[in-house]
A.B. asks: 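First the structure, then my questions, so here it is.
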Amino acid sequence: MIFDTHAHYDDEQFQEDRDALLEAMPSLGVGTIVNVSATYESCLHAVELAKKYPHVYAAVGIHPDEVGVLDEEKFAKMREFFKEDKVVAVGEIGLDYYWDNESHEVQRKWFVRQLELAKELNLPVVIHSRDAAADTMYVMENYAKDLEGVIHCYSYSKEMAEEYVRMGFYIGIGGVVTFKNSKKMKEVVGAVPLERILLETDCPYLAPEPFRGKRNQSSYLLYVAEQIAELKGISAEEVIATTEENARRMYRLDPV
Ligand code: NI
């Protein structure tokens with residue numbers, strides 16, 4: 001079944017129908033969802049969703065656009081969430097020089113702190129990196145050598161994707177690969193072995209064709225799987241089965 005490795009169902013865009021949607025997911029072919037925190041408040045919401053639904057897990061961490069709110073006290077409070085059963089990763093964490101909400105120095109500081117937290121807790125990491133290719137690689141090479149994880153919503157070159165794969169990381173592929181102008185992402189999918197690809201929505205954002213611009217949801221990953229299948233000359237079923245195995249391995253859940 002489809003494994004959505006990166007979703008934000010705590011987002012207010014799901015306010016009206018969150019429960020109905022999440023309850024329906026298994027009947028739409030979606031077996032597992034990891035709800036990923038971004039803001040400080042969303043850590044609690046992610047954990048609550050994981051408690052409520054057997055097929056939902058949580059990642060806890062602070063997105064680079066949001067790290068400005070962090071101090072030692074909040075960081076210590078955030079750590080408490082990792083005592084919960086279904087928290088499977090630290091994320092999403094990283095660098096975002098596109099929105100540039102926080103200084104690069106502050107972003108790098110909390111990125112490194114959260115990588116060290118993952119090391120201490122022995123958990124995989126969910127990495128967000130936008131317009132910060134070189135600095136992200138630098139931090140990963142120096143602070144994430146022994147870690148596992150995914151470069152989520154991957155947007156850089158195929159050469160850099162291959163480098164991350166050599167380092168033992170997975171590449172997160174979502175709706176963007178179905179866009180007509182996504183030549184670069186199609187090259188990335190061609191270059192990365194299927195065993196290192198994860199499916200992700202980043203919902204409510206980045207819906208694939210034919211829903212581009214609309215609210216995204218985990219079941220739309222079928223269209224992403226079909227696109228990857230076409231690029232690799234295999235069936236969508238094989239893409240769904242292999243990426244599910246990959247996700248369970250990375251998040252350390254029992255094999256299906
Ligand atoms: Ni995200």
Side-chain angles (χ1 to χ4, degrees), residues 2-15 18 21-22 25 30 32-50 56-70 78 81 87-102 107 110-111 114-115 118 123-133 136 140 149-156 164 169-179 185 188 197-208 211-221 224 243 247 250-251:
I2 289 170
F3 192 128
D4 185 356
T5 60
H6 191 120
H8 301 284
Y9 282 102
D10 53 285
D11 192 281
E12 60 186 17
Q13 288 189 51
F14 293 110
Q15 208 58 46
R18 179 179 298 116
L21 206 53
L22 281 171
M25 279 303 150
V30 179
T32 319
I33 296 165
V34 173
N35 200 85
V36 178
S37 316
T39 65
Y40 180 69
E41 291 72 27
S42 69
C43 296
L44 173 63
H45 297 149
V47 170
E48 283 172 347
L49 286 174
V56 177
Y57 293 79
V60 167
I62 312 292
H63 188 289
D65 289 342
E66 305 287 339
V67 288
V69 306
L70 276 176
M78 190 187 87
F81 289 120
V87 178
V88 291
V90 177
E92 59 187 293
I93 62 174
L95 300 174
D96 193 319
Y97 297 172
Y98 176 82
W99 292 109
D100 245 351
N101 272 5
E102 303 299 339
Q107 289 191 40
W110 289 110
F111 184 20
Q114 293 184 91
L115 287 171
L123 285 176
V125 287
V126 179
I127 305 295
H128 170 101
S129 178
R130 191 164 181 199
D131 281 7
T136 305
M140 295 296 280
V150 57
I151 316 299
H152 125 78
C153 198
Y154 185 81
S155 61
Y156 301 133
Y164 278 118
F169 288 90
Y170 293 83
I171 303 297
I173 300 292
V176 176
V177 77
T178 68
F179 298 172
M185 275 320 99
V188 167
I197 290 176
L198 300 181
L199 298 182
E200 60 162 60
T201 52
D202 206 16
C203 67
Y205 310 106
L206 296 172
F211 304 109
R212 188 173 180 178
K214 305 220 165 69
R215 190 185 71 173
N216 200 1
Q217 62 183 61
S218 303
S219 53
Y220 294 172
L221 281 173
V224 176
T243 53
M250 189 195 79
Y251 283 126

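Counting convention: from 1, in listed order, for ligands and their atoms alike.
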A.B. asks: Fit a plane to each ring of Y251 and F3, take the angle between them on a 0 to 90° scale, and name the class: parallel (under 30°), tilted (30 to 60°) or perpendicular (over 60°).
C.D. replies: parallel
A.B. asks: For H45, what residues pass the ring-ring contact (aromatic ring centres under 6.0 Å, His included) criterion, not counting sequence neighbours?
C.D. replies: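 H45: no ring-ring contact (aromatic ring centres under 6.0 Å, His included) contacts found.
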A.B. asks: I want to check something: taking the side chain as every heavy atom from C-beta on, are C203 and F14 in contact at a cut-off of under 4.5 Å?
C.D. replies: yes
A.B. asks: I'd like to check M140 versus Y164 (side-chain heavy atoms, cut-off strictly below 4.5 Å). Are they in contact?
C.D. replies: yes
A.B. asks: Under 3.5 Å, side chain of E200 to main-chain N/O of T5, donor-acceptor pair present?
C.D. replies: no
A.B. asks: Here's a test for you: under side-chain contact (heavy atoms from CB on, under 4.5 Å), which of V126, V150, I197 qualifies with Y170?
C.D. replies: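 Running side-chain contact (heavy atoms from CB on, under 4.5 Å) over V126, V150, I197 with Y170 returns exactly one hit, V150.
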A.B. asks: What protein N/O/S atoms lie closer than 2.8 Å to the Ni ion (ligand 1)?
C.D. replies: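 As for protein N, O or S atoms lying under 2.8 Å from the Ni ion (ligand 1), they are H6 NE2, H8 NE2, E92 OE2, D202 OD1.
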